[in-house]
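In the text below, chain A, chain B and the rest are named by the order of the sequence lines, each starting its count at 1.
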Amino acid sequence: MKPVVRHGEANDAPFRFGFTVMGGPGEITLAATDSRSGLRLAELAVAEIRRIESKFSRYRPDSVVSQINARAGADWTDCDAETESLFAYADALYTASGGLFDISSGVLRRAWDFRAQRIPSQQALTALRALIGWQRMERRAGQVRLALAGMEIDFGGFGKEYAADRAGALLLEQGARHGLVNLGGDIRVLGPKPDGSPWSLGIRDPRDPAAVIAEIEIASGALATSGDYERYFEADGRRYCHILDPRSGMPVEHWRSVSVVAALAVVAGSHATIAMLKQEAGQAYLDDCGCAYLAYDKDGRCLRQSGAKVTATVPPCAFPSA
Amino acid sequence: MAATEHPVAVEKPRSNPALTRDPVSTGALVLSAALALPGLLPAASAEPAPAGGMIGLRNLSYRESQPGLERVGSNSPSLVFLVPLAGEWALSGDLVTDNVSGASPRYHTAISGASQMKDRRNAADLQLKRYLEDGSVSVGLARSNENDYASTALSLQGTVDSKDRNTTLLWGLGGASDTINPVNLAVRNEQRHSIDAMLGVAQVLTPADLVQFSLGYNRGRGYFSDPYKIFDNRPRRLNQTALSAKWNHHFDAADGTSRFSYRYATNSDGVRSHTLGEEYVQAFGEGWSVTPALRYYSQSAARFYVDPIYDPLFGAPFPAGVAIFQHPLLTMDQRLSAFGALTLEAKLARQLSAQWSADLKLARYEQRSAWRWFGRGSPGLAPLTAHWLEIGLYRRW
Amino acid sequence: MRPLALSIVIAACLAGCASIEPVAPWQKGQLAKPEMGFADDVAGAAYAEHVYSSREAVSGGTRVGGGGCGCN
């Protein structure tokens, strides 16, 4: 007898279920299951992901996020325990990042139009920076309020990771032990392949959407990547990406991508994003965060923490902390 | 008393001292905040009820020999199964038939007393298990029938898991009732009753280590003698205490698992035994695994065991200097002598497809009085050697 | 007495459990392997137990309710 056991029984090709969520691709991979129970589990997981999307999406007028934003500078909005706990997490990220990870910095999108590829004026950014400030979010039991009209918050910084973790936990509760939940590259691993071997997860080349630049092997935990390639434009030889420093209102530039391996997808994603925001200081931050990582800087140099089982990197990777 | 206390581990800032950094490790801060989010970890369920069932056919071929004598041979086909019921229950069973043929020694290892025997044993072992939120409870029924021996046993067992699923408490209670009707009519309708209790704990030590300790006690009353052995007269009570420790360790790099076990057991006949076991499961690609195993066993003799020194006048099987007509406690059963035994074993298993798997196990067992661990073994006994071959084929659904 | 000594060792080990770093659910990938279970290959263990109980004076001790046999 032993405390936690669920035996993998098969080593056939895993069951895979693809879908679109939060504006990107999602996939649930389950091994050691037949397609009928695989489908049942995948549908449960996708329903949970869609629940989170509709509850917290800033694009949906009925979401709690849209309600809070609509009442900025005015009324309090009721929020349930789940929403409050997300705010508590946002608060921790604000502290851990020294104010760089701020869920109210989304207002900068009003100035940055990545489709029109237009660099905003300093004036416009200065005006918007006045509307950023996590400390201006007022919280009391069961209610929140944004202090200034025009402020807005969103959970884009960790919502996908939160959904991947929730879906992963749900699958584990249902007895799944071998598989992963992948929401646009934010991956929560349920457990190893049925034969006990780890999953090999590819890291996208930040300069070539079709190429894999490295592979990371993980048997449990999570992997998340933050990069300058998701939304960006180039002008005068500079790359302007969607990750914006709330203090300057300008895009970060030091890292092409940061991948972090951690116990939970929210942890991995948060560390990756904070490292992007910290720019030059990101490496020291990563060395201190206690997680394995793989990062490519603006010149394509690769850095990694020795904890990650990285294979097939291009170019070969240095061990800064070794 | 410390003036201030930090809720999480405090780390000295490393790396670049020029960077201003919160004294609390950011890694710890983010992780503890993430763990406060609801629903990110599974509401830890205990060992989940099996999702699918299993049926398997196995066969054990057993051959035993002593120098100059091919002794017992047996062939035991069995059917094993596991059927999940109503989500939270599982019924499992093992039905076996033994076909025994060959000679069983009458006393010591003297060949003269051996006679041919043929017997068949049918046994069924059923267990119904209920999976609970924090553990499991199961009831078991075991029946065994031979032409001269019938046994019925009942058991109630359970497990209780800690909230973090790192500790499991194991308990068990059982009772057995046996009836002995030897074909030689040495006794009629003799009975043997026993109860047993077990208490244990399994603990996750590290992500790669699992240990289990258990304490078992068995109290038996009734007929324990061997009706087929002459001058075999054993106490009508037999109590046994066993302490066991098991340690499983996984080697991540090699994808191999070491399974170590030790048991100390003693009984009221005065037998003390040590059992050491080590097996190593090595997984290979494509569903193959190989498991070599080693087992060492050592016991002291029962206090009423007599060495094969025969009466100078009457010769074998009459023991020297024992007033056999006063029915003293006495046995010449080699099983109760002092000896050591070694088992060498190899198992090959293969996952054939999602549903099918098969395994094959070869074992060689040898008993020698000279191999006893502490002290000397009983003199004058021929070594006993046994070989067995197990094959199994399983289908899951 | 030897059993007493062993009891003390076990008690010490159990007391040691209190100071063990708890292993988190996501660290249990290796522990979930079938061969890491103590109940792995029960049917095979029952076979071996049957063989040993017919040739050795002391057997069992880790299970309850095993059926007896007249295997002499």
Side-chain angles (χ1 to χ4, degrees), chain A residues 1-7 9-12 32-34 37 48 81-82 85-86 88-93 95-98 158 162 165-166 168-175 177 188 194-197 219-220 262-267 270-271 274 278 281 283-285 287-291 321, chain B residues 11 13-16 19-22 24-52 54 136 159 161-162 164-168 170 200 202-204 210 212 248 250 252 255 283 285-287 351 353-355 357 396-397:
Chain A
M1 295 307 302
K2 61 179 194 163
V4 174
V5 203
R6 179 63 200 275
H7 297 167
E9 284 137 5
N11 53 0
D12 277 13
T33 182
D34 59 63
S37 50
E48 171 66 5
E82 185 184 19
S85 66
L86 289 175
Y89 184 63
D91 186 55
L93 293 184
T95 307
S97 64
F158 55 85
Y162 176 66
D165 279 329
R166 291 274 302 206
L170 191 66
L171 291 169
L172 286 167
E173 272 173 29
Q174 294 290 318
R177 288 293 178 273
R188 166 75 179 263
D195 64 3
S197 63
S220 64
L264 297 168
V266 281
V267 174
S270 303
H271 285 320
I274 292 173
K278 289 221 170 217
Q283 189 187 331
Y285 175 84
D287 286 336
D288 252 14
C289 79
C291 299
S321 53
Chain B
E11 278 184 14
R14 302 198 311 245
S15 322
N16 189 346
L19 289 168
T20 54
R21 195 170 292 123
D22 196 297
V24 175
S25 149
T26 50
L29 176 65
V30 172
L31 181 60
S32 62
L35 290 173
L37 287 168
L40 299 202
L41 296 175
S45 60
E47 180 190 0
M54 183 275 290
S136 66
T159 60
D161 295 324
S162 66
D164 65 2
R165 311 295 166 206
N166 284 334
T167 312
T168 300
L170 318 150
Q203 174 71 39
V204 172
L210 196 57
Q212 178 179 302
N248 292 353
H250 187 72
D252 203 18
D255 196 14
E286 294 175 19
Q351 186 80 39
S353 71
Q355 286 85 36
S357 61
R396 294 186 162 80
W397 71 86

Of the backbone (N, CA, C, O) and the side chain (C-beta and beyond), which part of A:Y162 lies under 4.5 Å from a heavy atom of chain B, both, or neither?
both

Name the region of A:L171, side chain, backbone, both or neither, that has any atom closer than 4.5 Å to a heavy atom of chain B.
neither

Could you tell me which non-hydrogen atom of [X] sits nearest to which non-hydrogen atom of [Y], and how far apart they are?
X     : Y      : result
B:G39 : A:A169 : O-CB, 3.2 Å
A:S85 : B:A36  : CB-O, 4.4 Å
B:A34 : A:V266 : CB-CG2, 3.7 Å

Roughly how far, to the nearest 0.5 Å, is CG of B:L37 from CZ of A:R166?
9.0 Å

